[in-house]
Amino acid sequence: MRRIRAAAAGAVTVSLLTAVTACGGGSSTGGGSNDSPKTLTYWASNQGASIEVDKKVLQPELDKFEKQSGIKVKVEVVPWSDLLNRILTATTSGQGPDVLNIGNTWSASLQATGALLPWDASNFAKIGGKDRFVDSALGSTGAQGKDPAAVPLYSMAYALYYNKKMFADAGIAAPPATWDELIADGKKLSKGGKWGLGAEGSNPSENIHHTFVFAKQHGADFFTADGKPDFTSDGTVAAVKQYIDLMAKDKIIAPGNAEYAQNQSVSDFAKGKNAMLLWQSASANLKSQGMSDDAYGIAPVPVQSGTPGTGTNVNSMVAGINLAVFKNSHNLDGATKFVKFMTSDAEQKILNTAYSSIPPVKTAQTDATFNTPANAVLKDTLAKSAAALPQVADESQFETTVGTAVKALFADAAAGRAVTTESVKAELEKAQQQMPAK
């Protein structure tokens, strides 16, 4: 049943986006207005340990914006498990928020719907100019050659978080730099009801992020150079199998992690149930769950061999959150003012500190606040060894279909069913068949 439900969810997402692309989404109403100048609706993504944590972070800043502008912002924090489908439904119906957070990997897909306000030179000028933002963040704001569909808000990278005491108790002197080392360390740490590594096997986006990195390290990609799906090459199959094998073969991930989708692996790490965690900018999340900064270390995500860098030693996707405006907003001027406020130097420092992310605004990023050892790993990764997921119109379907295929393979591993090269390829073939025909 688990696999049937996942496939159905993927089919819904694909059919929604296909419909949106055909009809033009929210833009079908002919554009927005300023009919409601005193209010804005804002869908925020769940960045903290819980929705309540996000409300506590955001509400004081929204109150500050209201005091400055006279515009009241009604915020809803949307869980990641619901966010993409909520956005797609809104683009189809034309009944969306004024402003919303989007995963930066979705930028080109949502751009293709025509529902989002394009950030041309004129619109960027209203918020201080495009050159305020770092190039790596701008690279994940829409398809190449088109005006961005969104503005960078938070930048993140994956890192390896490791429990110092658990490592010391196991006689491990340093964090692993390669996957072979991670597996060897993980086996030493997987005992007494505790495990070497945590994962979120039921979270399609997390699955995509990790398998994308593995694919890059195998010299492969999930799309051809002209943007066509290529899910079954030898490199991509090997990448997905290597990730699933951390549970199926190497047995350093608990079988129960196949059901995780909502930060449970982060909670397990904070509680000392897992010795390692692969996560985006996790420090604030861990702190909110009672884990002190000196209880864990942060290192680059492992590579196949050598050290992180360009090419096959990519060890993170360019992670981040963008801020978008629905084109048919009834307060376009207010929405633009809100984007300017959220990307101001002052707010960038406050918000990115709260979420332990990196400001995509150049002047804010150079602030001393973000020169901590933890941020050094993240900034170095973004600068030297992170790659952007394909900015193609089919990217969100790719996340849903392949992410769900990986979820099904984790379910097989948890149930003790064999995960072979052939079974991995079969799941990926099914995922590719769900993609829109070219």
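Everything quoted here is computed from the prediction, not taken from an experiment.
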Practice task
Taking Gln217 for its side chain and Val314 for its backbone only, find out whether a donor-acceptor pair lies under 3.5 Å.
Solution key: yes
Practice task
Go through the structure and list residues passing ring pair (Phe, Tyr, Trp, His ring centres under 6.0 Å) with Trp195, not counting sequence neighbours.
Solution key: none
Exercise for the section: Measure the spacing between CG of Leu182 and CD1 of Ile252 and express it to the nearest 0.5 Å. Expected result: 5.0 Å
Practice task
Please work out which of the three classes, parallel, tilted or perpendicular, describes the rings of Phe231 and Phe223, given edges at 30° and 60°.
Solution key: perpendicular
Handout entry: Asp185 and Tyr162 side chains, donor-acceptor separation under 3.5 Å
Key = no
Practice task
For the residue pair Val73 and Val99, establish whether any side-chain heavy-atom pair is separated by less than 4.5 Å.
Solution key: no
Exercise for the section: Heavy atoms only: give me the nearest His330-Asp98 pair and the separation to one decimal. Expected result: N-OD1, 3.5 Å
Exercise for the section: Measure the shortest side-chain to side-chain distance between Thr400 and Pro204 over non-hydrogen atoms and say whether it is less than 4.5 angstrom. Expected result: no
Practice task
May I have the step-by-step check of side chain to side chain donor-acceptor pair (under 3.5 Å) for Thr178 and Asp180, ending in yes or no?
Solution key: CA-CA 5 Å; Thr178 68; Asp180 285 346; 5.4 Å; no
Handout entry: Shortest non-hydrogen contact between Leu409 and Val419, atoms and distance
Key = O-CG2, 4.0 Å
Practice task
Before giving the answer on side chain to side chain donor-acceptor pair (under 3.5 Å), spell out for Asn322 and Thr141 the whole-Å C-alpha distance, their side-chain angles and the decisive distance to 0.1 Å.
Solution key: CA-CA 7 Å; Asn322 292 340; Thr141 54; 5.7 Å; no
Practice task
Mark yes or no for whether Ser190, through its side chain, and Gly196, through its backbone, hold a donor-acceptor pair below 3.5 Å.
Solution key: yes
Practice task
Provide the closest heavy-atom pair for Tyr42 versus Leu323 in the form atom of the first, atom of the second, distance.
Solution key: CE1-CD1, 3.8 Å
Practice task
Kindly compute the distance separating CG (Asn371) from OG1 (Thr366), expressed to the nearest 0.5 Å.
Solution key: 8.0 Å
Practice task
Using atom types as modelled and distance alone, determine if a side-chain donor or acceptor of Asp82 lies under 3.5 Å from a backbone N or O of Val78.
Solution key: no
Exercise for the section: Classify the angle between the aromatic ring planes of Tyr296 and Tyr161 as parallel (below 30°), tilted (30 to 60°) or perpendicular (above 60°). Expected result: tilted
Handout entry: Residue list, salt bridge (Lys or Arg N to Asp or Glu O under 4.0 Å) with Asp367, at least two apart or on another chain
Key = Lys349
Practice task
Decide yes or no for Gln47 and Met156: does some side-chain heavy atom of the first lie under 4.5 Å from some side-chain heavy atom of the second?
Solution key: yes
Exercise for the section: Indicate whether the side chain of Asp268 and that of Gln264 have a donor and an acceptor atom separated by less than 3.5 Å. Expected result: no
Practice task
For side chain to side chain donor-acceptor pair (under 3.5 Å), just list the numbers for Glu200 and Ser265, CA-CA rounded to whole Å, side-chain angles, deciding distance to a tenth of an Å, and then say yes or no.
Solution key: CA-CA 6 Å; Glu200 302 268 322; Ser265 62; 2.7 Å; yes
Practice task
Show your working on side-chain contact (heavy atoms from CB on, under 4.5 Å) between Trp106 and Leu88 and close with a plain yes or no.
Solution key: CA-CA 11 Å; Trp106 305 338; Leu88 291 172; over 6 Å; no
Completion exercise
Asp169 meets the salt bridge (Lys or Arg N to Asp or Glu O under 4.0 Å) criterion, sequence neighbours left out, with Lys165
Practice task
Anything under 30° is parallel, anything over 60° is perpendicular, the rest tilted; go ahead and classify Phe65 against Phe338.
Solution key: perpendicular
Practice task
Would you give the length of the straight line joining atom CD of Gln95 to atom OG1 of Thr89, rounded to the nearest 0.5 angstrom?
Solution key: 12.0 Å
Practice task
Evaluate the side chain to side chain donor-acceptor pair (under 3.5 Å) criterion for residues Thr105 and Glu399: first the C-alpha distance (whole Å), next the side-chain angles of each, then the deciding distance (0.1 Å), finally the verdict.
Solution key: CA-CA 9 Å; Thr105 64; Glu399 288 198 22; 2.3 Å; yes
Exercise for the section: Quick one: do Lys251 and Leu246 satisfy side-chain contact (heavy atoms from CB on, under 4.5 Å)? Show the steps, please. Expected result: CA-CA 6 Å; Lys251 301 189 185 304; Leu246 295 173; over 6 Å; no
Problem - Ser385 side chain vs Pro308 backbone, donor-acceptor pair below 3.5 Å - result: no
Completion exercise
Residue pairs meeting salt bridge (charged side-chain N to carboxylate O under 4.0 Å, His left out), one or both in residues 371-393, sequence neighbours left out, come to Asp380-Lys384
Practice task
Test Asp245 against every option in Lys241, Gln242, Lys249 by the side-chain hydrogen bond (donor to acceptor under 3.5 Å, both in side chains) rule and name the one that passes.
Solution key: Lys241
Exercise for the section: Decide yes or no for Leu189 and Phe167: does some side-chain heavy atom of the first lie under 4.5 Å from some side-chain heavy atom of the second? Expected result: yes
Problem - Intermediate values then yes/no, side-chain contact (heavy atoms from CB on, under 4.5 Å), Phe133 and Thr343 - result: CA-CA 9 Å; Phe133 300 90; Thr343 58; 4.1 Å; yes
Exercise for the section: Can you label the angle between the Phe398 ring and the Phe222 ring as parallel, tilted or perpendicular, going by 30° and 60°? Expected result: tilted
Handout entry: Nearest atoms (heavy-atom pairs only) where Thr381 meets Ser316
Key = CG2-CB, 3.6 Å
Exercise for the section: Just do the side-chain contact (heavy atoms from CB on, under 4.5 Å) check on Lys327 and Leu116 with the steps written out, would you? Expected result: CA-CA 5 Å; Lys327 190 189 292 185; Leu116 301 183; over 6 Å; no
Please tabulate, one pair per line, all N/O donor-acceptor pairs under 3.5 Å involving side-chain atoms of residues 274-282, not counting sequence neighbours.
unit_1	atom_1	unit_2	atom_2	d
Gln280	NE2	Tyr158	OH	3.0
Gln280	NE2	His209	ND1	3.4

Handout entry: Expected output: side-chain Trp80 to main-chain Asn46 donor-acceptor under 3.5 Å
Key = yes
Problem - Ser81 and Gln262, any side-chain heavy atoms less than 4.5 Å apart - result: yes
Exercise for the section: Look at atom NZ of Lys164 and say whether more than 12 heavy atoms of other residues, nucleotides or ligands are closer to it than 6.0 Å. Expected result: yes
Practice task
Calculate, to the nearest 0.5 Å, the distance between atoms OH and OG belonging to Tyr355 and Ser288 respectively.
Solution key: 10.5 Å
Completion exercise
All heavy atoms of Met317 vs all of Asn104, minimum pair found to be CE-OD1, 4.5 Å
Practice task
Kindly say whether Ala44 contributes a backbone atom to a donor-acceptor pair with the side chain of Asn101 at under 3.5 angstrom?
Solution key: no
Problem - Minimum-distance pair of heavy atoms, taken over all atoms of Gly142 and Ser107 - result: N-CB, 3.5 Å
Problem - Separation of Asn123 CG from Lys130 NZ (nearest 0.5 Å) - result: 12.0 Å
Exercise for the section: Report yes if some heavy atom in the side chain of Ser202 is under 4.5 Å from a heavy atom in the side chain of Phe410; otherwise report no. Expected result: no
Handout entry: salt bridge (charged side-chain N to carboxylate O under 4.0 Å, His left out) pairs, two or more places apart, involving residues 54-66
Key = Glu52-Lys55, Glu61-Lys64, Lys64-Glu347
Fill in the blank from the handout: dist Ser136:OG -> Ile358:CD1 (nearest 0.5 Å) comes out at 10.5 Å
Practice task
Look at the side chain of Asn331 and the backbone N and O of Thr39, then say whether any donor-acceptor pair between them is shorter than 3.5 Å.
Solution key: yes
Problem - Other residues, nucleotides, ligands: >12 heavy atoms within 6.0 Å of Gln144 CD - result: no
Handout entry: Minimum side-chain heavy-atom gap Val402-Thr236 below 4.5 Å
Key = no
Handout entry: Beyond-backbone contact of Tyr154 with Asn352, side-chain heavy atoms, under 4.5 angstrom
Key = yes
Exercise for the section: State whether a side-chain donor-acceptor pair under 3.5 Å links Ser292 with Asp294. Expected result: yes
